[in-house]
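Before any comments, here is the structure.
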Amino acid sequence: MIVLGAGMVGTTTALALQARGLDVVLADRREPGRETSYGNAGIIQGEAMEPYALPTNPVELIRLGLGADNAVRWTLGGVLGQAGALMRYLGNSRPARHAAISAIYAQLVRDAVARHEPLVEAAGAGNLMRPRGFRQGWRGQHSFDAALADAERIVKTYGIEIEALDGDALARAEPGLTARYAGAIDWKDCWACADPGGLVASYAALFEARGGTVLRADATTLTRAGAGWRVTGETGPTEAARVVLALGPWTPAALKPFGARVPMVGKRGYHLHFKGERTLNLPFMDTEVSAVMSPMRDGLRVATGAELVPMDAPVNRSQLIKAEARAREMFELGDAVEAEPWFGTRPCLPGMLPVLGEVPDQPGLWAHFGHGHQGFTLGPVTAEILAAAMGGERSEMIAALDLRHALA
C-alpha cells in the first residue's frame, strides 16, 4: 500500500491503514508536514461543527469583492477560473442545504480531539499541545452580542462548551493584550498546537517506529504497473496493489490523468511569525480583520482569512498587511521572523465535505482529500473512515463521503 501525501491527512491515513495490519509506504516530495498542514493556525477545532459557507447575499458578495471585509479576498480572474465550483459551493451555502451538510460534518468534528489524543500520546507530542481553548474577540458590543447569540445556538444544537468573557475577563485571561475588546467567546472543545508541522512530523515518526516506510517521491511519477501501481522516488520505483492520493489541494491535478475531474475551490491563506515577549496564552481570532494570532515555537503566527485565487497566482499581502496592523494594536509586537510570508491553499470542495473512495474505472487507485479549512482537525477521523472503506466495510458515513459526489 502506498499513501501519496505526507500532510496531516496522508500521515494519519498511513497510520490508520497500518493499524489494520497493512504494509504501508508514505511518500511525499518533501518531509512530512511541510506543506499545507504546516501553515494553519494550529488549532484542532472541536468547535467547528459547521463548515464555512459562502455569503448568499449579493450585497455581501460585492462588499467582499471591494475588499470591505478581510475574511475573503477575491479577484475577477480568481472567480472566473473557479466559476463552476463556486456556483456549486454557493448553492450548497443556502440555509437548508448547508444545514444538511452540517449535520454530517458535525459527526466528524465530534470525534476530532478523541482521534488525535491517542496519537499525540503515542507520538510523545504532548509538549506541543495545549488542551481546551481557542478564543474569538469582538471590539463592538453589538457585534459581540450577535455572535454570542449564534454561539449559543451552536451550543444548543451540537452540545459543545463555551465560556463568554466580557472585556475585563478577557484582559485577565490574556494579560499580553493591549487592545480593549467588548467581549470574547472561549471555545472549550479545542486543542492548540505550538507547531502544526512538527505534530505531523511526530505522527510520521510514530508511523516509522511501528514499521512503516517514509520515502521521497513525487505524485507525478504515479503510473500503472500491471494490475497495480508504481511510484518512482529517490531510491527507485516502489510498487503496490493500491495507492491512496492524499495530496490536499494538489489531488484534483493528480487525478486528471486517470480520468477523474474534481471541481475545487482553492482558498489561499498566508501567515508570518513575529517576535515578542508577551503575546497570547491561547490562539485568538480578531473577528474584525478575520485573522488568527497563535503562539508558536517560531513566534506569534499571524494567519489570514481566505483569498480566492488560482494556486499559481502571485503573492498578495493585502490581507496579511491588515492582519499585521491589527496585531500591532493588540500586542507589543516585534519584527517579523521571516522575510517573506508563507502561503498555501486550502482544498475546499463545493459540497463542503471531505471525500474518499476508489476512483471510478481505476482499480486500486483511491483518493482522500477535500478537508477545506479542517484537514489538520479531521485527518485522523476521516483516515479511520477511509481505512474501513478500503477494508470492505459499508456505512452511512462512507456513503456520505463517497468520492463520486465530488466528481464533475
Side chain to side chain contact (heavy atoms under 4.5 Å, CB included) between Met8 and His116, intermediate numbers included: CA-CA 11 Å; Met8 178 60 81; His116 275 280; 3.7 Å; yes
Residue pairs involving residues 274-304 (criterion ring pair (Phe, Tyr, Trp, His ring centres under 6.0 Å); sequence neighbours excluded): Tyr181-Phe284
Pairwise ring pair (Phe, Tyr, Trp, His ring centres under 6.0 Å) hits with a residue in residues 373-401, at least two apart: Tyr52-His373
Look up atom [atom1] in [X] and atom [atom2] in [Y], then write down how far apart they are to the nearest 0.5 Å.
X: Leu206; Y: Arg210; atom1: CG; atom2: CZ; value: 4.0 Å
X: Asp195; Y: Met296; atom1: CG; atom2: CE; value: 7.5 Å
X: Leu403; Y: Trp366; atom1: CG; atom2: CH2; value: 9.5 Å
X: Ser294; Y: Arg130; atom1: OG; atom2: CZ; value: 11.0 Å
X: Gln374; Y: Asn40; atom1: CD; atom2: CG; value: 9.0 Å
X: Ile2; Y: Leu215; atom1: CD1; atom2: CG; value: 7.5 Å

Greater than 12 external heavy atoms within 6.0 Å of Glu208's CD: yes
Enclosure of Asp150 CG (heavy-atom neighbours >12, cutoff 6.0 Å): yes
Could you list the donor-acceptor pairs under 3.5 angstrom formed between side-chain atoms of residues 14-26 and any protein atom two or more places apart in sequence or on another chain?
residue : atom : partner : partner atom : Å
Gln18   : NE2  : Phe207  : O            : 3.0
Arg20   : NH1  : Glu393  : OE2          : 3.2
Arg20   : NH2  : Glu393  : OE2          : 3.2

Quick check: does any side chain N or O of [X] sit under 3.5 Å from a backbone N or O of [Y], one acting as donor and the other as acceptor?
X: Thr345; Y: Pro249; result: no
X: Thr279; Y: Gly276; result: no
X: Thr251; Y: Gly248; result: yes
X: Thr178; Y: Met330; result: yes
X: Ser202; Y: Leu199; result: yes
X: Asp286; Y: Arg326; result: no
X: His273; Y: Leu300; result: no
X: Ser290; Y: Asn70; result: no
X: Glu307; Y: Gly269; result: no
X: Arg328; Y: Gly334; result: yes

Salt bridge [X]-[Y], side-chain N to carboxylate O under 4.0 Å:
X: Arg30; Y: Asp28; answer: no
X: Glu329; Y: Arg139; answer: yes
X: Asp298; Y: Lys275; answer: no
X: Glu50; Y: Arg153; answer: yes
X: Glu358; Y: Arg242; answer: no

Any heavy-atom pair between the side chains of [Y] and [X] that's under 4.5 Å?
X: Phe369; Y: Pro252; result: yes
X: Pro175; Y: Asn281; result: yes
X: Glu340; Y: Arg317; result: yes
X: Val243; Y: Leu222; result: yes
X: Ile43; Y: Thr377; result: no
X: Met390; Y: Met1; result: yes
X: Glu31; Y: Arg216; result: yes
X: Leu128; Y: Arg297; result: yes

Pairs flagged by side-chain hydrogen bond (donor to acceptor under 3.5 Å, both in side chains) wherever residues 91-111 is involved - sequence neighbours left out: Asn92-Arg97
Locate the shortest heavy-atom distance separating [X] from [Y]; write the atom from each residue and the value.
X: Cys190; Y: Gln45; result: SG-CA, 4.1 Å
X: Thr12; Y: Tyr203; result: CG2-CD2, 3.8 Å
X: Gly233; Y: Ala217; result: CA-CB, 3.7 Å
X: Ile160; Y: Gly46; result: CG2-O, 4.3 Å

side-chain hydrogen bond (donor to acceptor under 3.5 Å, both in side chains) evaluation trace for Thr304 with His271: CA-CA 6 Å; Thr304 68; His271 81 232; over 6 Å; no
Results of side chain to side chain contact (heavy atoms under 4.5 Å, CB included) for Thr221 - residues two or more places apart only: Asp218, Val231, Thr232
Partners meeting side chain to side chain donor-acceptor pair (under 3.5 Å) with Arg135 (sequence neighbours left out): Glu174, Asp186
Criterion side chain to side chain contact (heavy atoms under 4.5 Å, CB included) on Leu280 and Met293, from CA distance to verdict: CA-CA 8 Å; Leu280 288 167; Met293 291 73 168; 3.7 Å; yes
Criterion side chain to side chain contact (heavy atoms under 4.5 Å, CB included) on Trp191 and Val120, from CA distance to verdict: CA-CA 11 Å; Trp191 280 20; Val120 169; 4.2 Å; yes
Worked verdict on Thr287 versus Trp138 for side-chain hydrogen bond (donor to acceptor under 3.5 Å, both in side chains): CA-CA 6 Å; Thr287 55; Trp138 286 263; 3.3 Å; yes
Row check, Tyr38 ring normal vs Arg301 NZ/CZ: under 6.0 Å, within 45°: yes
Chi angles and distances behind the side-chain hydrogen bond (donor to acceptor under 3.5 Å, both in side chains) call for Gln136, Trp187: CA-CA 8 Å; Gln136 292 177 295; Trp187 301 91; 2.8 Å; yes
Aromatic ring pairing Tyr270/Phe343, orientation class (parallel under 30°, perpendicular over 60°, tilted between): tilted
Check against salt bridge (Lys or Arg N to Asp or Glu O under 4.0 Å), Glu47 and Lys188: CA-CA 8 Å; Glu47 98 297 350; Lys188 297 294 187 180; over 6 Å; no
CA sep, side-chain torsions, deciding dist, call: Leu86, Leu308, side chain to side chain contact (heavy atoms under 4.5 Å, CB included): CA-CA 10 Å; Leu86 282 167; Leu308 300 181; 4.2 Å; yes
